Q: 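Here it is: the structure, laid out below.
Keep in mind the model is a prediction, meaning the values are calculated, not measured.
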Amino acid sequence: MFFYLSKLLTFLISPTVIIVLLLFASLLARKVQTKRRLLVTSLVLLLIFSNPFIIGRLMRAWELKDTAFTQNGQYDIAIVLSGFMTRDPELHRLTFGDDVDRLTEALSMYRKGQVDRILISGGSGSMVIDTREALLAREFLVKQCHVPDSVILIDTVSRNTYENAVETKKILEQNKISSPVLITSAFHMRRAKGCFDKAGIPADIYSTDPEPVKQGYYPEDLFIPDTRNIRNWERLMREIVGVLMYELKGYS
C-alpha cells in the first residue's frame with residue numbers, strides 16, 4: 001500500500017502536473033478575476049521552476065558530501081542503487097538513463113582495484129512493467145564489460161530505497177561483507193543514506209552526477225528560463241517528500 005501511495009504522491013507533486021492543473025482550473029473558472037489569478041500563478045510557477053539559478057542552489061544545498069576515499073582507500077564492495085537502465089522491447093537492446101553514472105562509477109572503482117565486488121540493488125520499481133534492473137545491469141557488466149560473474153551480487157526483490165537497504169543488509173550478512181561504499185545519484189543520496197543507516201549498514205557514500213559548482217553566474221543563469229530545470233525540481237520535490245514519508249514510517 002505504501003509503495004502505491006508514494007507513487008501517487010510523487011505524481012501529484014510534480015511541477016508539471018501542478019502547472020497543468022492550475023491551467024485546467026483557469027479554463028473551468030467562471031469569474032474573470034479567478035481565471036486571471038490562476039493564469040498568473042501558473043506563469044510565475046513556470047518561471048520559478050525553469051530558472052537555472054534557483055534550482056541549482058537548492059540542489060547543491062540538498063546534496064551530501066562524499067565520505068568515500070577520504071579515510072578508506074579500499075572497500076569490499078560497491079553497492080549500486082538501480083534506476084538507470086531498462087531494456088527496449090522494440091529495439092531489443094539495453095538502454096540507459098541520466099543516472100547511469102551510478103553503474104559506470106562502480107565499474108571504474110572495480111577496474112582501479114578500489115572495490116573487490118559490486119552489488120546491484122534493484123528489482124522493479126514500476127507499477128506496470130516488471131523489469132528486474134539488477135539482472136540487466138549484471139548482463140551488461142558480464143557480457144559487455146567482461147567483469148567476472150563471480151564479482152557481481154544482485155538484489156532483484158527491492159522496489160524502493162527502503163527495500164534496497166533491507167535486501168542489501170541480507171546479502172552483506174550472507175556473504176560476510178563488512179566494508180561497503182554506497183553509490184547513488186547526489187540528489188538521491190540523502191534518502192539512501194538515511195535508509196542504510198537505519199538498516200545498520202555503516203557505508204561510506206559516493207555521490208554521482210552532483211550539481212556542478214559555477215565560479216560565476218551569467219545573465220542566462222539568472223534570468224533566462226530553461227524547461228530542462230523542471231526535471232531537477234521534480235527530482236528534488238520527490239526526494240524531500242520521500243525523506244519525510246520515510247521518517248514517518250520509520251524507514252530512515
Side-chain angles (χ1 to χ4, degrees), residues 63-64 66-69 72-126 128-189 191-193 195-196 199 201-210 235:
E63 295 169 357
L64 298 180
D66 290 350
T67 58
F69 307 114
N72 300 320
Q74 178 74 27
Y75 296 92
D76 293 337
I77 197 165
I79 303 169
V80 181
L81 302 191
S82 64
F84 50 80
M85 69 182 300
T86 187
R87 185 186 299 278
D88 191 307
E90 295 183 1
L91 299 177
H92 303 290
R93 68 186 185 194
L94 300 175
T95 57
F96 300 90
D98 295 339
D99 302 321
V100 70
D101 284 2
R102 302 180 187 183
L103 185 63
T104 57
E105 288 292 334
L107 176 61
S108 176
M109 289 179 187
Y110 172 73
R111 296 291 192 206
K112 293 175 182 177
Q114 295 173 322
V115 299
D116 298 327
R117 306 177 79 176
I118 298 173
L119 190 162
I120 304 163
S121 178
S124 176
S126 171
V128 181
I129 303 174
D130 185 14
T131 301
R132 306 287 168 163
E133 192 173 333
L135 293 173
L136 301 181
R138 181 175 64 179
E139 175 186 338
F140 171 75
L141 291 176
V142 172
K143 293 184 178 180
Q144 299 189 39
C145 302
H146 309 292
V147 177
D149 186 65
S150 58
V151 168
I152 305 169
L153 299 175
I154 60 172
D155 147 40
T156 62
V157 178
S158 59
R159 301 173 299 171
N160 54 39
T161 309
Y162 165 70
E163 293 180 2
N164 285 148
V166 172
E167 297 302 321
T168 294
K169 176 73 171 179
K170 297 176 184 177
I171 295 173
L172 294 182
E173 290 179 345
Q174 290 169 1
N175 291 271
K176 299 180 180 179
I177 298 172
S178 59
S179 177
V181 55
L182 176 62
I183 303 176
T184 190
S185 302
F187 71 88
H188 180 239
M189 184 59 79
R191 177 157 50 139
K193 179 170 172 51
C195 290
F196 276 71
I201 304 174
D204 284 350
I205 61 174
Y206 186 88
S207 301
T208 64
D209 194 26
R235 286 178 161 184

Q: Which distance, rounded to the nearest 0.5 Å, do you find between the OG1 of Thr67 and the CD1 of Ile205?
A: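 Going from the OG1 atom of Thr67 to the CD1 atom of Ile205 covers 4.5 Å.
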
Q: Of all residues at least two apart in sequence or in a different chain, which pass the side chain to side chain contact (heavy atoms under 4.5 Å, CB included) check with Pro148?
A: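 Side chain to side chain contact (heavy atoms under 4.5 Å, CB included) check on Pro148 returns Tyr110, Ser150, Val151.
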
Q: Just how far is it from atom CD1 of Ile79 to atom CD1 of Ile177, taken to the nearest 0.5 Å?
A: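 Ile79 atom CD1 to Ile177 atom CD1 measures 8.5 Å (nearest 0.5 Å).
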
Q: Sequence neighbours left out, what passes side-chain hydrogen bond (donor to acceptor under 3.5 Å, both in side chains) with Ser207? Give chain and number order.
A: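 With sequence neighbours excluded, Ser207 shows a side-chain hydrogen bond (donor to acceptor under 3.5 Å, both in side chains) to Asp66, given in chain and number order.
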
Q: For His188 and Thr161, work out which heavy atoms get closest and say how close.
A: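 Distance-wise, the nearest heavy atoms are NE2-OG1, 2.8 Å.
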
Q: Under 3.5 Å, which donor-acceptor pairs link side chains of residues 95-109 to any protein atom two or more places apart or in another chain?
A:
from: Asp98; atom 1: OD2; to: Arg231; atom 2: NE; distance (Å): 3.2
from: Asp99; atom 1: OD1; to: Ser185; atom 2: OG; distance (Å): 3.4
from: Asp99; atom 1: OD1; to: Arg235; atom 2: NH2; distance (Å): 2.9
from: Asp99; atom 1: OD2; to: Arg235; atom 2: NH2; distance (Å): 3.4
from: Arg102; atom 1: NE; to: Thr184; atom 2: OG1; distance (Å): 3.4
from: Arg102; atom 1: NE; to: Ser185; atom 2: OG; distance (Å): 2.8
from: Arg102; atom 1: NH1; to: Leu81; atom 2: O; distance (Å): 3.2
from: Arg102; atom 1: NH1; to: Ser82; atom 2: O; distance (Å): 2.6
from: Arg102; atom 1: NH2; to: Ser185; atom 2: OG; distance (Å): 3.2
from: Thr104; atom 1: OG1; to: Asp101; atom 2: O; distance (Å): 3.4
from: Glu105; atom 1: OE1; to: Tyr206; atom 2: OH; distance (Å): 3.0

Q: Side-chain contact, heavy-atom cut-off 4.5 Å: Val166 with Val157?
A: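 Side-chain contact under 4.5 Å: no.
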
Q: Tell me the closest heavy-atom pair linking Ser121 and Asn164, and the distance in Å.
A: OG-ND2, 2.9 Å

Q: Which pairs pass salt bridge (Lys or Arg N to Asp or Glu O under 4.0 Å) with one or both residues in residues 170-180, sequence neighbours excluded?
A: Glu167-Lys170, Lys169-Glu173

Q: Could you check if a side-chain atom of Arg132 sits within less than 4.5 angstrom of a side-chain atom of Ile154, using non-hydrogen atoms only?
A: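 Result no, sub-4.5 Å side-chain heavy-atom pair not found.
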
Q: Mind checking the CD-CE spacing from Glu63 to Met189? Nearest 0.5 Å is all I need.
A: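 Reported to 0.5 Å precision, the distance equals 10.0 Å.
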
Q: List the residues meeting side chain to side chain contact (heavy atoms under 4.5 Å, CB included) with Asp116, not counting sequence neighbours, and say none if there are none.
A: Gln74, Asp76

Q: If I take atom CD1 from residue Ile77 and atom CD1 from residue Ile152, how far apart are they, to the nearest 0.5 angstrom?
A: 10.5 Å

Q: Nearest 0.5 angstrom please: Tyr75 OH to Ile183 CD1, how far?
A: 10.0 Å

Q: Could you state the interatomic distance from OG1 (Thr156) to CG (Leu136), rounded to the nearest 0.5 Å?
A: 11.0 Å

Q: When the side chains of residues 137-147 are checked against the rest of the protein, which donor-acceptor pairs come out under 3.5 Å, sequence neighbours left out?
A:
from: Glu139; atom 1: OE1; to: Arg87; atom 2: NH2; distance (Å): 2.6
from: Glu139; atom 1: OE2; to: Arg87; atom 2: NH2; distance (Å): 3.4

Q: If you take all heavy atoms of Ile201 and Leu172, which pair is closest and at what distance?
A: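 Scanning both residues, the minimum pair turns out to be CG2-CD1, 3.8 Å.
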
